[in-house]
Amino acid sequence: PEDITCIHALSSGMTNRLMHFTCQGREYLMRIPGEGTEKLINRQREYAIYSALAGAGQEIADKVIYLDPRTGYKVTEFWNDSRAADPEDAAEVMACMKHLRLFHEQKLRVDFRFDLREQLDYYEALREDSMPFADYELTRQHINELLARAARLPREECLSHIDSVYDNFLFVKDAKGNETVRLIDWEYAGMSDPHLDIAMFCIYAYYDQEQVDRTIDAYFNGACPDAIRQKIYCYIAIAGLLWTNWCEYKGRMGVKYGAYEMRQYQYAKQFYELVSRLWPELPEPCDAKPEAAEPALV
């Protein structure tokens, strides 16, 4: 204990509390799970995710020193010379999408999924009868339509980050002063459609339709098929309702995200309207089905 000094709290994320400390001249970050997190995060799964990432042969994520799969306490190296991505900087967004695609192309696999429909049902159950929006039931019906539509569109599955927001993309300087990108905070990750990660980036950044399209084009180098763009629009609406329910549950734990929750609910409504207007006809069912998850790499 006497080797640990300079302990102080950092600005916490939406899920956890963060503590910075120094030990024998090196800096570290300790994550302490936040209120109600035990109902949101499976720490055994998070441990499996970091095991899979360690076997990828690529420097994709944060450097974990310690992770307790029972409590969720985690210690990582603290990158002093680093910064979060700027969602308004086109070059940085391009770098984030390039890194995201590099991660997806590893096609890592674990033995559990992040299923949008199941998670939406689960978060609805967690928040019980807490919901401030009078037209929620109609919005949920619309989201059910988009879930069915997305299932008809081309998709595959691999390990996906799910919480791929710009705050989780860090630009880190190496010993030579060159910046590289790292993607941190893998608590929600699981087998899913990797294109969901693009949607998650967009809705946290509060992007409008034009910015969403630019982000999609950055990921696909300007060659995104129309069916995939339609699917990502569906994911934006679905994820908006997902995080609306997440916010309501966190609100029951005493943590409020009023403006953020409102924006997420608006995504659910606005992008449903966009999909309905831009693609009025249902797509023909796609024959390709996601592959079954395989055991985690360790």
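All of these numbers come straight from a predicted model, not from anything done at the bench.
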Trace of the salt bridge (charged side-chain N to carboxylate O under 4.0 Å, His left out) decision for Lys250 with Glu261: CA-CA 11 Å; Lys250 292 291 283 187; Glu261 180 178 359; over 6 Å; no
Worked verdict on Asp129 versus Arg252 for salt bridge (charged side-chain N to carboxylate O under 4.0 Å, His left out): CA-CA 10 Å; Asp129 58 354; Arg252 293 184 61 239; over 6 Å; no
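Counting heavy-atom neighbours within 6.0 Å of Tyr47 OH, excluding the residue itself, gives a total of 12 or less. Under a cut-off of 6.0 angstrom, the local environment of CE in Met253 is crowded, with over 12 non-hydrogen atoms contributed by other residues, nucleotides or ligands.
Only one option out of Phe201, Phe220, Tyr235 pairs with His195 in a ring pair (Phe, Tyr, Trp, His ring centres under 6.0 Å); it is Phe220. Each of Tyr122, Tyr136, Tyr123, Tyr265 was compared with Asn245 under the side chain to side chain donor-acceptor pair (under 3.5 Å) criterion, and only Tyr136 meets it. Looking at Phe21, Phe78, Tyr66 one by one, the single match for ring pair (Phe, Tyr, Trp, His ring centres under 6.0 Å) with Tyr28 turns out to be Phe21.
Aromatic pair Tyr257/Trp246: centroids less than 6.0 angstrom apart.
Separation of atoms CG (Leu147) and CG (Asp115) is listed at 8.5 Å; rounding is to 0.5 Å.
Classification of the His8-His20 ring pair by plane angle, with boundaries at 30° and 60°, yields tilted.
Using a 3.5 Å distance cut-off with no hydrogens or angles, the side chains of Tyr272 and Glu145 do pair a donor with an acceptor. For the 3.5 Å distance criterion, the side chains of Tyr204 and Asp163 fail to qualify, holding no donor opposite an acceptor.
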